[in-house]
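To start, the structure under review is shown below, and the notes come after it.
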Amino acid sequence: MGIKENLEFYGKHIPEHVKLVAVSKTKPISDLLTAYECGQRIFGENKVQELANKQPQLPTDIEWHFIGHLQSNKVKYIAPFVNLIHSVDSLKLLKEINKQALKNDRVINCLLQFHIASEESKFGLDVEEASQILNSETFASLSNVKIVGVMGMATFTNDGTVVRKEFNHLKSIFDTLKKEFFQNDIDFKEISMGMSDDYKIAIEEGSTLVRIGSAIFGARNYS
Ligand SMILES: *Cc1c(COP(=O)(O)O)cnc(C)c1O
């Protein structure tokens, strides 16, 4: 199946309230353009350099999402154009995003990334850490970042029961934060969860943003 057919499939199988982030990491500009020509406007990348390199080569009405682990010293390269950073996992990073957003006279939308998988290696906060950030005076002083929701990655497993439980956990984290910190904030509404292999479960558990790469563009070649 080609990119066009794959996007048509998701167009039919993803409900209206869920947005599709086409994860284009490692893929050439020509593949992104093909997707663009099919109407796809949201693209996700996980490496700063690759994103900063691709962005100027593509149409300006693309919404760029950064989905990978972000180091503070690299925020400046994507701050002029990035639309949503999915992977905020510290106050230090949030401060730097705010600083660079201010320089560019923008407000940058962010998601707090939570550790929901059983693997040690995956980045992310727990509720306690997130509460500390959201309660801090530093956070209250950041005028150029906006927290619009949460993100998480499930354990890499074929066991749907495990994956469902983890996504359900992320939904409950979202609900807790909504109630405690964002009750009257209509912009806090995004739950970024679900990839090629688990997007169906993610949508059933409340996802509003699915990040799909290989099922649209084909398997990645890292060699
Ligand atoms: C690569 C990546 C995806 C997409 O993964 P696929 O399995 O190819 O759909 C989604 N989210 C993040 C954070 C990624 O790094």
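Whatever order the structure lists ligands and atoms in, that order sets their numbers, starting from 1. Throughout, residue positions are numbered sequentially from 1 according to the sequence presented.
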Pairwise distance CD1(I108) to CG(N98) - rounded to 0.5 angstrom: 8.5 Å
Polar pairs, ligand 1 vs protein, N/O only, below 3.5 Å.
{"unit_1": "ligand 1", "atom_1": "8 (O)", "unit_2": "S214", "atom_2": "N", "d": "2.8"}
{"unit_1": "ligand 1", "atom_1": "8 (O)", "unit_2": "S214", "atom_2": "OG", "d": "2.9"}
{"unit_1": "ligand 1", "atom_1": "8 (O)", "unit_2": "R220", "atom_2": "NH1", "d": "2.8"}
{"unit_1": "ligand 1", "atom_1": "8 (O)", "unit_2": "R220", "atom_2": "NH2", "d": "3.1"}
{"unit_1": "ligand 1", "atom_1": "9 (O)", "unit_2": "S196", "atom_2": "N", "d": "3.0"}
{"unit_1": "ligand 1", "atom_1": "9 (O)", "unit_2": "S196", "atom_2": "OG", "d": "2.5"}
{"unit_1": "ligand 1", "atom_1": "9 (O)", "unit_2": "G213", "atom_2": "N", "d": "2.9"}
{"unit_1": "ligand 1", "atom_1": "11 (N)", "unit_2": "R211", "atom_2": "NE", "d": "2.8"}
{"unit_1": "ligand 1", "atom_1": "15 (O)", "unit_2": "K25", "atom_2": "NZ", "d": "2.7"}

Does E96 come within less than 4.0 Å of K92, counting only side-chain N to carboxylate O? no
Tell me whether K171 is salt-bridged to D175, with the criterion being a basic N under 4.0 Å from an acidic carboxylate O. yes
Any chain of hydrophobic side-chain contacts (each under 4.5 Å) joining V150 to I147? yes
Do Y77 and N53 pair up side chain to side chain, a donor and an acceptor below 3.5 Å, judged on atom types alone? no
Sequence neighbours excluded - side chain to side chain donor-acceptor pair (under 3.5 Å) pairs with any residue from residues 127-137: none
